[in-house]
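Side-chain atoms are counted along with the backbone in the values below, which use heavy atoms only and exclude waters and symmetry mates. Chain A is the first sequence line, chain B the second, and so forth, proteins listed ahead of strands; every chain is numbered from 1.
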Protein chains: 4
Amino acid sequence: MREVSISRIDRQDKYQRILRAGISVFARRGVFRATISEIAREAGVADGTIYLYFKNKDDILARFFEGRTEEIFARFRKAIDEADTARDKLFRLISSHMEAFQEDREMAVVFQAETRKIHAMACHVNDISARYRDLIAEIIEDGQAEGIIRKDLYIALVKRFILGAVDEVVNTWVLAEGKYDLVSMAEPLVDLFLRGIGSASEE
Amino acid sequence: MREVSISRIDRQDKYQRILRAGISVFARRGVFRATISEIAREAGVADGTIYLYFKNKDDILARFFEGRTEEIFARFRKAIDEADTARDKLFRLISSHMEAFQEDREMAVVFQAETRKIHAMACHVNDISARYRDLIAEIIEDGQAEGIIRKDLYIALVKRFILGAVDEVVNTWVLAEGKYDLVSMAEPLVDLFLRGIGSASEE
Amino acid sequence: MREVSISRIDRQDKYQRILRAGISVFARRGVFRATISEIAREAGVADGTIYLYFKNKDDILARFFEGRTEEIFARFRKAIDEADTARDKLFRLISSHMEAFQEDREMAVVFQAETRKIHAMACHVNDISARYRDLIAEIIEDGQAEGIIRKDLYIALVKRFILGAVDEVVNTWVLAEGKYDLVSMAEPLVDLFLRGIGSASEE
Amino acid sequence: MREVSISRIDRQDKYQRILRAGISVFARRGVFRATISEIAREAGVADGTIYLYFKNKDDILARFFEGRTEEIFARFRKAIDEADTARDKLFRLISSHMEAFQEDREMAVVFQAETRKIHAMACHVNDISARYRDLIAEIIEDGQAEGIIRKDLYIALVKRFILGAVDEVVNTWVLAEGKYDLVSMAEPLVDLFLRGIGSASEE
DNA sequence: CATGAATGAGTGTTCATTCAT
DNA sequence: AATGAATGAACACTCATTCAT
């Protein structure tokens, strides 16, 4: 019993170490330029050991996002459900997003950089974006029911509008090497989403 | 004299053919998976010839965007200058952007997909983004002077907000393999930028 | 005493299981492509366990044939000794041989076809053999027309009979490292093909 | 013209050198144990060069036999066509075969090795074969004592003659995946051994 | 200028073998 | 004795880059 437990912890530990080392190297070098040897070195295991835990190099990336996705979307869900108004929901979604990326900068770097390509990833990333857009759509609908969001919206476009803006703000933060507080961007961004940049008189 | 002239035309032609072939292959395979041989084949030149015109693989990409950047920003400039109001300037900037990408889908694919990583590219893309954001800032200022744009804006954020949204809409179009008209997204997007998604009553 | 006995049975059992699993995997994959892991899995033991019973992968093969050889040659001996005439002895030897191989097809596959597998070659070698047999068949027919070859022949068998004999003579020469003149074997071999080994009086 | 010619000769030369080096290394180490590096070294080219001429390692083998097969079968054809009687045809076919193999021993080694089992099993198979041949020899002697077997036999050859034929028949059965009864081949085979394929009148 | 054959460093992946438990 | 996780050497194959012609 004891041994099994230790063994499992060992396995888990090694799995996690490889995962972490992988993301770290991916962040530093890019997925393509990263080598198994470097990941192994950073994880403190032999090259071959990686293949006991992962199918191949891409699998490290895929599994990482697989794991994180659930965790992060659970946070998003919770954040949204704790809010009363659609405005607050939107704010909390975006805040959570920024928090999560700020907490794990290596993940953020890899996500922002690799997300638009990599065939192995493609499906996962698309899933992630799609799920994110679903949350936005849900909030929009709530807001429309509440009457705080316009009803004459092309939802498909609005989803991209919001996702794109948030994504770009995160990306800028990543490229700036995280030297300022990302989460503080959430509030002014939500304001822009709701009120736009036009002055009230504009109509 | 005559021969020099022809020779220059030849050079130019070969240079352009390699550039075009490069982007075509980059769009198809991704920058990393693209090989010099495939680009050479598609350009109708020998592998070694590429090194007479370009430093290396990444250089093809860099030079391509270097060239297109000037051309495209000239279009942007012209589009903006032809407009009277800030709103129209913004609309024309975004329309031109979408038109340019719609006209050259291969460029769009490469730009959207490869832009965020590639350390070699990074600087160029950053330049492009920075110049784009400068245009936005300029329009914002004009709009504020005109009184149609709010004065209580965090400009740095607004620039990302607009660039990010446009970029995401373009990206969606690229991933959808260009099956719909991208430019028609410009008008509703500008409306979102100016009025936001909030209902008038929200204040 | 009791435990030792059980332990011995256990050992024997495990040893046999590995042996059997080895041959099974060798038959399926070929000796080179077979992996220790697959043999271990099929034997229901751990990879490392195999090394408690065998020196290495090749040793499994060697020990298997070591064991079977004694057993099969005992059968051959018995078969021969039970026969009265040389003709019957020969018949019984060959019958026993065929029976033994027919009974244990995996062994037969490993023994006969081990290397025939190599994918690149497989088809070519088979083609070559087939073409060679065609030539033989053609000659047989000519000979039958000429009246110098018996008409009561099972041609498919005769083709193998001749090809096999020639092939074995060549093979022996190869293994002997070519230390004698191979071509001088042709004439006596043809004589054997035509007249057989039986004395004229035999009928 | 001159240059093209030289270039072609160069190409041909390098192709042939790699082919030859390949067969040489295959003969020495066996196809599986042969490495591209060793072949390249022996051919005096870089590893990568091999891939300019061949698809992969196996392709070297395949192309070699592709080339030789036509050449050798042309010889066979010629040998047969030059003969008047079926006996002579058979003799010349077999002689040509042996000549061809004797002329190119490396080819013979590779062909026999890939076709039969020289490498992995070598020593054991040799032992087994030797013991089998001993049994045959014993039977031959008995038969000679009985007077049913000719006394003018080159025993060493007869042993190969019988073993080879039986082996080939078994082998055919194995490759046919055992879909017919092997043992029923024993009787007609013994008949061939004793009487040969010649008609009685032939003497 | 142009070529394209040649190079060889570099990488992902496999697997026989070991050894701490 | 048995395990099976860990190891790391080995190898086929790719491809950017060079350079003799």
Within a strict 4.5 Å, meaning less than it, do heavy atoms of the Glu42(C) and Arg20(C) side chains meet?
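Side-chain contact under 4.5 Å: no.
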Quick check: do Phe26(C) and Glu106(C) have side-chain heavy atoms less than 4.5 Å from each other?
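No, their side chains stay 4.5 Å or more apart.
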Donor-acceptor side-chain pairing of Arg63(C) and Tyr15(C) below 3.5 angstrom
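Side chains of Arg63(C) and Tyr15(C): pair found under 3.5 Å.
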Is the backbone of Gly22(D) close enough, under 3.5 Å, to the side chain of Lys57(D) for a donor and an acceptor to pair up by distance?
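Between the backbone of Gly22(D) and the side chain of Lys57(D) there is no qualifying donor-acceptor contact (under 3.5 Å).
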Roughly how many Å is it from [atom1] in [X] to [atom2] in [N], rounded to a whole number?
X: Arg33(B); N: dT11(E); atom1: CZ; atom2: C1'; answer: 14 Å
X: Ile39(A); N: dG12(E); atom1: CD1; atom2: P; answer: 8 Å
X: Arg17(B); N: dT3(E); atom1: CZ; atom2: P; answer: 8 Å
X: Leu52(D); N: dT17(F); atom1: CG; atom2: P; answer: 17 Å
X: Phe32(A); N: dA16(F); atom1: CZ; atom2: C1'; answer: 15 Å
X: Tyr51(C); N: dC15(E); atom1: OH; atom2: P; answer: 12 Å
X: Ile60(B); N: dC15(F); atom1: CD1; atom2: P; answer: 15 Å
X: Asp58(C); N: dC15(E); atom1: CG; atom2: P; answer: 15 Å

Categorize [X] for me: base, sugar-phosphate, or nothing, with a 4.0 angstrom heavy-atom threshold over every strand shown.
X: Ile36(B); value: base
X: Ala34(B); value: sugar-phosphate
X: Thr35(C); value: sugar-phosphate

Stem list, DNA chain E (Watson-Crick or G-U pairing under 3.5 Å, at least 3 consecutive pairs):
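Expected stems, ordered by start: E:2-21 with F:2-21.
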Counting heavy atoms from C-beta on, name the nucleotide in [options] closest to the side chain of [X].
X: Tyr53(B); options: dT13(E), dA2(E), dT3(F); result: dA2(E)
X: Asp47(B); options: dT3(E), dG4(E), dA6(F); result: dG4(E)
X: Thr49(C); options: dA2(F), dA6(E), dA16(E); result: dA2(F)

Closer to the 5' end of DNA chain F via nearest nucleotide, is it Gly44(A) or Gly44(C)?
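Mapping each residue to its closest nucleotide by heavy atoms, the 5'-most match is Gly44(C).
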dA5(E) phosphate, OP1 or OP2: any side-chain N/O from Lys14(D) under 4.0 angstrom?
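So the side-chain polar atoms of Lys14(D) never come under 4.0 Å of the phosphate oxygens OP1 or OP2 of dA5(E).
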Report yes if at least one side-chain N or O of Ser37(B) is closer than 4.0 Å to OP1 or OP2 of dC15(F); otherwise report no.
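No, outside the criterion.
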Can you check side chain to side chain contact (heavy atoms under 4.5 Å, CB included) on Leu19(A) and Phe54(A), steps first, answer last?
CA-CA 9 Å; Leu19(A) 219 45; Phe54(A) 297 91; 3.4 Å; yes
Please determine whether a side-chain nitrogen of the Lys or Arg among Asp104(B) and Arg68(B) lies less than 4.0 Å from a carboxylate oxygen of the Asp or Glu.
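Yes, Asp104(B) and Arg68(B) are salt-bridged.
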Could you tell me whether Arg28(C) and Glu38(C) make a salt bridge, using a distance below 4.0 angstrom between a side-chain N and a carboxylate O?
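Glu38(C) and Arg28(C): salt-bridged.
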Go through Ile50(A) and Asn56(A) one step at a time and tell me if the side chain to side chain contact (heavy atoms under 4.5 Å, CB included) criterion holds.
CA-CA 8 Å; Ile50(A) 289 183; Asn56(A) 52 43; over 6 Å; no
Residue mapping more 5' on DNA chain E - nearest nucleotide basis, Lys57(C) or Asn56(A):
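The residue closer to the strand's 5' end, by nearest nucleotide, is Asn56(A).
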